[in-house]
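One structure below.
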Amino acid sequence: MEDRCNFPVKIETGDFGYVLEDIPHLSDYVPNLKTYPNPMRFNPAYSVVKQYFIDFDDTVPEKVVVQKTGPRGVHFRRAGPRQDVYFRSDEVRACIVTCGGLCPGLNTVIREIVCALHHMYGVTRILGIDGGYRGFYSKNTITLTPKFVNDIHKRGGTVLGSSRGGHDKGKIVDSIQDRGINQVYIIGGDGTQKGAAVIYEEIRRRGIKAVVAGIPKTIDNDISVIDRSFGFDTAVEEAQRAINAAHVEAESAENGIGVVKLMGRYSGFIAMYATLASRDVDLCLIPESPFYLEGDGGLLQFVEKRLKENGHMVIVVAEGAGQELVAQSNSATAKDASGNQLLKDVGLWLSDSIKAHFAKRKHMPITLKYIDPTYMIRAVPSNASDNIYCTLLAQSCVHGAMAGFTGFISGLVHGRHTYIPFSRIVDHHNKVVITDRMWARVLSSTNQPSFLGPKEVMEFQKVEQRAKELLEGEKNIDMNISSSSSGARFECTGLLSCLSCD
Ligand SMILES: Nc1ncnc2c1ncn2[C@@H]1O[C@H](COP(=O)(O)OP(=O)(O)OP(=O)(O)O)[C@@H](O)[C@H]1O
Ligand SMILES: O=P(O)(O)OC[C@H]1O[C@](O)(CO)[C@@H](O)[C@@H]1O
Ligand SMILES: [Mg+2]
């Protein structure tokens with residue numbers, strides 16, 4: 001498995017500090033390519049739309065809040081159909097693969113890629129790769145037709161199957177070449193898109209006329225640049241059911257406590273949004289915000305206070321929260337097939353710690369119910385709004401591939417569909433910024449302590465400001481902010497050194 005790839009980033013500059021972070025195109029390395037009129041020009045549904053085709057120069061700004069004197073900043077190419085395409089319909093052999101963990105909407109994206117290729121571009125040869133990256137070389141393929149995918153958006157999971165590990169660049173590209181595949185659609189999270197970037201590089205190195213297009217997927221919503229990842233809305237909605245159950249259980253018992261664990265390996269977006277949506281939550285714990293159990297201002301003291309005030313409480317904890325604290329009681333670490341660290345069960349650990357604390361307080365018996373709906377919130381089919389979002393992402397991706405673009409993901413930026421180079425999303429995880437307004441809204445809605453002293457807040461602000469500056473300077477940084485019982489700890493593992501580490 002390769003960690004980083006060195007595909008060239010296409011940067012174009014313009015007036016007033018305009019920067020276009022462009023995506024590669026087949027014509028960058030395949031000479032004398034022929035173009036064809038886009039078949040959508042002759043499609044009765046689309047041909048009547050005024051300005052249906054995207055202007056070559058249309059781009060979307062990364063930042064929409066700007067100052068009078070500030071530069072125009074970074075832009076991405078606007079997604080959508082082009083007047084001309086680089087593939088004849090009968091020449092296309094497409095394949096679709098899904099990798100990594102499940103997420104609501106995977107089947108919708110598969111369905112809509114197949115339907116867009118078929119109905120918009122007249123493409124009939126589409127293969128499903130069975131079981132993630134390793135399916136390219138170790139399994140049979142599945143023939144995908146509009147009939148086959150007709151109903152799949154009503155089911156959770158992925159009809160193609162998924163897996164972790166098994167990314168073998170040579171074998172995958174050999175398989176693409178042997179099967180004559182010239183459009184590769186890859187749906188998956190950060191790891192998957194790193195793998196997609198490597199495949200794109202190898203295809204380009206071999207000079208094959210084949211495009212590689214990604215659709216970012218992750219229930220954790222931690223992919224940078226894009227507004228949100230598909231399935232996130234559904235997951236937050238589904239999480240409400242678990243929080244409601246925890247609330248009912250807690251309310252019905254004397255000193256009742258409901259603990260709900262939600263997904264979020266490195267970032268607490270699901271926990272944060274589910275908390276804000278519910279309003280029944282008294283304490284939300286996320287990986288980005290350190291906390292401690294014992295002593296003055298600690299979590300246990302807060303639980304006791306809230307129980308005395310309200311007689312019950314609900315705690316939402318993201319799976320990646322407090323991992324360093326959990327590790328103190330159970331230090332064994334393991335990794336999954338993709339090399340991701342397997343997390344310890346913070347929900348169970350927290351529940352046990354609270355129970356042990358109150359067992360010593362005989363005058364205050366508690367009833368604690370631990371609900372772990374982690375897989376339930378990602379195994380459901382996507383809701384209506386995610387279905388539409390998935391449809392547009394899939395269609396954008398197909399338009400880009402037909403137009404000859406490669407090495408890109410399709411993503412929503414400030415409500416506009418764009419094409420973003422792989423390099424922009426694989427080097428950085430989006431995290432909840434705990435010195436931003438959104439986290440402040442959570443703290444104010446739950447009325448929980450921030451567990452941070454003024455010194456730690458300043459340290460956080462310094463690290464976040466520096467990370468922002470480095471990112472804006474188009475550099476790669478991978479920042480880990482982790483917690484310990486003694487307070488916050490900051491680690492920067494980027495290519496550039498971080499001020500806080502210096
Ligand atoms: N750096 C890398 N280079 C090449 N392939 C990779 C890399 N990282 C991960 N992959 C491959 O991508 C696939 C999915 O990776 P992973 O299991 O990390 O899930 P993911 O795409 O990050 O999704 P999620 O974490 O949201 O579930 C695996 O088959 C893995 O082998
Ligand atoms: O148990 P699995 O399938 O490896 O997935 C668990 C991980 O996948 C994610 O949902 C990311 O897709 C994380 O939140 C979680 O840690
Ligand atoms: Mg991942």
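Whatever order the structure lists them in is the order used to number ligands and atoms, beginning at 1.
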Quick one: look up the protein heavy atom nearest atom 11 (C) of ligand 2 and list residue, atom name and how far away it is. D220 OD2, 3.7 Å
Hey, is D151 close enough to R111 for a salt bridge, meaning N to O under 4.0 Å? no
Would you indicate whether the side-chain heavy atoms of F408 and R77 approach each other to under 4.5 Å? no
Between D436 (side chain) and M438 (backbone), is there a donor-acceptor pair under 3.5 Å? no
Out of all atoms in ligand 1, which are within 4.0 Å of some heavy atom of G100? Include the element for each. 14 (C), 19 (O), 23 (O), 27 (O)
Got a sec: is D220 within less than 2.8 Å of the Mg ion (ligand 3) via an N/O/S atom? no
Nearest non-hydrogen contact to atom 18 (O) of ligand 1 from the set N340, V97, D222, V198 belongs to N340
In terms of atom number and element, which parts of ligand 2 are under 4.0 angstrom from non-hydrogen atoms of Y375? 1 (O), 2 (P)
To atom 4 (C) of ligand 1, the nearest of G195, G166, C103 on a heavy-atom basis is G195
Check: Y389 and T108 side chains under 4.5 Å, non-hydrogen atoms: no
Which residue and non-hydrogen atom of the protein lie closest to atom 16 (O) of ligand 2, and at what distance in Å? E319 OE2, 2.7 Å
With a 4.5 Å limit on heavy-atom distance, are the side chains of E288 and S267 in contact? yes
May I ask you to say whether R424 pairs ionically with E21, meaning some side-chain N is under 4.0 Å from a carboxylate O? yes
Hey, are the side chains of I172 and H167 touching, using non-hydrogen atoms and a 4.5 Å cut-off? yes
Show the atoms of ligand 2 that are less than 4.0 angstrom away from any heavy atom in M263. 10 (O), 14 (O)
Does the pair K261/D372 count as a salt bridge with the N-to-O cut at 4.0 Å? yes
Numbering the atoms of ligand 1 from 1, which are under 4.0 Å from a heavy atom of K217? 23 (O), 24 (P), 26 (O), 27 (O)
Would you mind listing which atoms of ligand 2 come within a distance below 4.0 Å of any non-hydrogen atom of G264? 14 (O)
Nearest candidate to atom 12 (O) of ligand 1, where distance is taken over non-hydrogen atoms, out of G188, G191, G214, G131: G191
Any salt bridge between E201 and R204, counting N to O under 4.0 Å? no
State if G132 counts as touching ligand 1 under the rule of any non-hydrogen atom under 4.0 Å. no
Could you check atom 7 (C) of ligand 2 against the protein and tell me its nearest heavy-atom contact, residue, atom and distance included? R265 NH2, 3.4 Å
Beyond-backbone contact of I223 with I226, side-chain heavy atoms, under 4.5 angstrom: yes
Tell me which one of G135, G101, C99 gets a heavy atom nearest to atom 27 (O) of ligand 1. G101
What are the atoms of ligand 1, with element, lying closer than 4.0 Å to any heavy atom of T192? 12 (O), 13 (C), 14 (C), 15 (O), 20 (P), 21 (O)
Only N/O/S atoms count here: what is the atom of D190 closest to the Mg ion (ligand 3) called? OD1
Quick one: do D174 and R206 make a salt bridge, cutoff under 4.0 Å? yes
Has the side chain of S224 got a donor or acceptor atom that lies under 3.5 Å from a matching backbone atom of N430? no
Could you identify the single nearest non-hydrogen protein atom to atom 12 (O) of ligand 2 and state the distance to 0.1 Å? K217 NZ, 4.0 Å
Atoms in ligand 2 flagged as close to I219, the criterion being non-hydrogen separation under 4.0 Å: 10 (O)
Do any nitrogen or oxygen atoms of D336 come within less than 3.5 Å of a nitrogen or oxygen of ligand 2? no
If you count the atoms of ligand 1 from 1 in the order shown, which ones are under 4.0 Å from a heavy atom of D190? 20 (P), 21 (O), 22 (O), 25 (O)
May I ask you to test the P421-F76 pair for a side-chain heavy-atom distance under 4.5 Å? yes
What protein heavy atom sits nearest atom 2 (P) of ligand 2, and how far off is it? R164 NH2, 3.5 Å
Taking only heavy atoms of G189, which atoms of ligand 1 are found under 4.0 Å from at least one of them? 20 (P), 21 (O), 22 (O), 23 (O)
Is there a side-chain contact between L325 and F291 in this structure, where contact means two heavy atoms from C-beta onward sitting under 4.5 Å apart? yes
Can you pull out the closest protein heavy atom to atom 9 (C) of ligand 2? Residue, atom name and distance to 0.1 Å, please. R378 NH1, 3.8 Å
